[in-house]
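Scroll down for the structure; my scribbles are underneath it.
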Amino acid sequence: ADVETPTITLYGKTYAPNPPKMKVWRRFLAFFDEDKKNLSVEEFLDAEIDLILLAFDREEVTKEAIDDNIEVADIVPLTRELFRWIQSLTFQKLVKLPNDEAGKA
């Protein structure tokens, strides 16, 4: 099943993320794997906002714009949605590889 592309609405304009680069995938993976117990709420949300900025990778999507337009309660779900979307794109590409290239399971 295709995962819908997440969007963000800032100052009344809606943006879609750019196709993710490897570094985006790695950063998301690292963040979702790491132990976040020692982060304060503020550090945690800042890290999530950094991931959103990285995923959208557009000059219109800034920390200030997110601070002004996105409710705190929407930050974490948006980051999760972006992660699911990045994973789905990655797996779609892997599935399309010929078996020799993908490596024998």
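Looking at heavy atoms from C-beta onward, Val24 lies in side-chain contact with Ile86 at the 4.5 angstrom threshold. The shortest distance between side-chain heavy atoms of Pro17 and Leu82 falls below 4.5 Å. Looking at Trp25 and Pro20, their side chains never come closer than 4.5 Å, going by heavy atoms from C-beta outward. With a 4.5 Å cut-off on side-chain heavy atoms, Thr62 and Ile66 do not count as touching. Between Leu54 and Asp50 there is no side-chain heavy-atom pair separated by less than 4.5 Å.
Rounding to the nearest 0.5 angstrom, the gap separating the CG atom in Asp46 from the OG atom in Ser40 is 8.0 Å.
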Distance-only donor-acceptor hits, side chain of residues 6-16, under 3.5 Å, sequence neighbours excluded:
| unit_1 | atom_1 | unit_2 | atom_2 | d |
| --- | --- | --- | --- | --- |
| Thr9 | OG1 | Thr14 | OG1 | 2.9 |
| Tyr11 | OH | Asp68 | OD2 | 2.8 |

Side chains of residues 72-81: which donor-acceptor partners sit under 3.5 Å, not counting sequence neighbours?
| unit_1 | atom_1 | unit_2 | atom_2 | d |
| --- | --- | --- | --- | --- |
| Thr79 | OG1 | Glu48 | OE1 | 2.8 |
| Thr79 | OG1 | Ile75 | O | 2.9 |

Residues 26-36, side-chain donor-acceptor partners within the protein, below 3.5 Å, at least two apart:
| unit_1 | atom_1 | unit_2 | atom_2 | d |
| --- | --- | --- | --- | --- |
| Asp35 | OD1 | Lys37 | N | 3.2 |
| Asp35 | OD2 | Lys37 | NZ | 3.2 |
| Lys36 | NZ | Phe31 | O | 2.5 |
| Lys36 | NZ | Glu34 | O | 3.2 |

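Judged as a salt bridge (Lys or Arg N to Asp or Glu O under 4.0 Å), and not counting sequence neighbours, Lys23 has no contacts. Evaluation of the salt bridge (Lys or Arg N to Asp or Glu O under 4.0 Å) rule for Asp57 yields no partner, not counting sequence neighbours. Residues satisfying the salt bridge (Lys or Arg N to Asp or Glu O under 4.0 Å) test with Glu60, not counting sequence neighbours, are Arg58.
Defined by atom type and a distance below 3.5 Å, a donor-acceptor pair is present between the side-chain atoms of Trp85 and Thr5.
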